[in-house]
Amino acid sequence: MIKISKLVKFLRDPHTEKILHFKERYQELDDLSNVAVEIGNVAVYKSLQTEMKEVFFDYLSAVMVDSVYKLVPHVLIIWVISLKWQSLTVPIVNWRVNIFGAYLVSYLLYNVGQLLANPIKAKLSKSVFPGFIGRFATNKI
């Protein structure tokens, strides 16, 4: 069971560990660079800055690859949907909307809804229904 959860976690975010490693290394080098400035050692400062640039570009590469991994499922979903429907018609105003635009708008609305739902859920759980929302959110009803 643990192996399956590790596999799912890896497939969900394959580069998370690399990104965290590069972030920590960059922060460490930045701290060392600040110490080099404080003691006035120019050679060490230049060396640390060079290494920081390398780590930063490795970090950017890992973030870009991770972004591509997150984008691929959406491209596949749009492709599969567009095989059946090229465009959608908005019922009230009879506008024809490309499937790409409809998917993009629905995805953005979903994410904005999630961003707005979390603070609302937190306020409801504290003030109106103490205990109910907490049990509902953790499926302990």
Side-chain angles (χ1 to χ4, degrees), residues 1-93 95-141:
M1 191 66 159
I2 294 172
K3 290 181 180 181
I4 293 172
S5 66
K6 284 183 181 180
L7 178 65
V8 168
K9 185 178 179 182
F10 175 76
L11 290 175
R12 190 168 182 212
D13 288 325
H15 300 284
T16 303
E17 292 179 13
K18 275 186 181 179
I19 291 171
L20 290 176
H21 169 72
F22 289 135
K23 276 181 158 178
E24 291 169 359
R25 182 71 180 139
Y26 187 82
Q27 185 64 41
E28 178 185 331
L29 291 171
D30 189 41
D31 293 340
L32 289 173
S33 178
N34 290 337
V35 170
V37 167
E38 289 175 5
I39 62 173
N41 195 337
V42 177
V44 171
Y45 176 77
K46 287 183 180 180
S47 172
L48 288 170
Q49 289 296 314
T50 303
E51 191 171 348
M52 280 176 65
K53 287 178 186 176
E54 292 173 7
V55 170
F56 183 69
F57 285 120
D58 290 340
Y59 169 75
L60 287 180
S61 300
V63 167
M64 168 131 145
V65 169
D66 191 47
S67 298
V68 169
Y69 272 100
K70 289 181 181 179
L71 183 65
V72 166
H74 296 287
V75 171
L76 290 175
I77 289 170
I78 291 172
W79 176 67
V80 168
I81 291 172
S82 67
L83 289 176
K84 178 70 175 165
W85 299 284
Q86 294 296 319
S87 61
L88 298 174
T89 304
V90 179
I92 296 173
V93 289
W95 290 346
R96 293 191 61 85
V97 179
N98 188 353
I99 196 68
F100 178 75
Y103 183 83
L104 183 64
V105 168
S106 65
Y107 180 75
L108 290 174
L109 287 175
Y110 174 76
N111 284 322
V112 168
Q114 279 189 332
L115 287 173
L116 295 176
N118 289 335
I120 293 170
K121 207 182 292 185
K123 285 183 181 181
L124 283 177
S125 67
K126 290 180 183 176
S127 61
V128 179
F129 302 114
F132 178 72
I133 301 294
R135 283 194 304 251
F136 183 70
T138 58
N139 296 327
K140 292 184 180 178
I141 295 178

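As a basis for the values below, the full set of heavy atoms in this structure was taken, side chains included, without hydrogen atoms, waters or symmetry mates. Owing to the predicted nature of the structure, the values given are computational and were not obtained by experimental measurement.
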Give the intermediate values and the outcome of side chain to side chain donor-acceptor pair (under 3.5 Å) for residues Q114 and N118. CA-CA 6 Å; Q114 279 189 332; N118 289 335; over 6 Å; no

Between F100 and I78, the two heavy atoms sitting closest are CD1-CD1, 3.6 Å

Residue pairs passing the side-chain hydrogen bond (donor to acceptor under 3.5 Å, both in side chains) test with at least one member in residues 79-88, sequence neighbours excluded, are S87-R96

To the nearest 0.5 Å, atom CD1 of I19 lies from atom CD of E17 at 11.0 Å

To the nearest 0.5 Å, atom CD1 of I99 lies from atom CG of L104 at 11.5 Å

Rounding to 0.5 Å, atoms OG1 (T16) and CG (D66) come to a distance of 5.5 Å

Tightest non-hydrogen contact, residues L48 and A36, listed as CD1-CB, 4.4 Å

| Do the side chains of F56 and Y26 get nearer than 4.5 Å, heavy atoms only? | yes

Residue pairs meeting side-chain hydrogen bond (donor to acceptor under 3.5 Å, both in side chains), one or both in residues 34-48, sequence neighbours left out, come to none

Residues 48-60 vs salt bridge (charged side-chain N to carboxylate O under 4.0 Å, His left out), sequence neighbours excluded, gives R25-E51

OG of S61 to NZ of K18, rounded to nearest 0.5 Å, is 9.5 Å

So CD of Q27 and CE of M52: to nearest 0.5 Å the spacing works out to 8.5 Å

One should read off an interatomic distance between I81 CD1 and L76 CG, to the nearest 0.5 angstrom, of 11.0 Å

Determine whether Y103 and I77 satisfy the following criterion, side-chain contact (heavy atoms from CB on, under 4.5 Å), listing intermediate values before the conclusion. CA-CA 9 Å; Y103 183 83; I77 289 170; 3.6 Å; yes

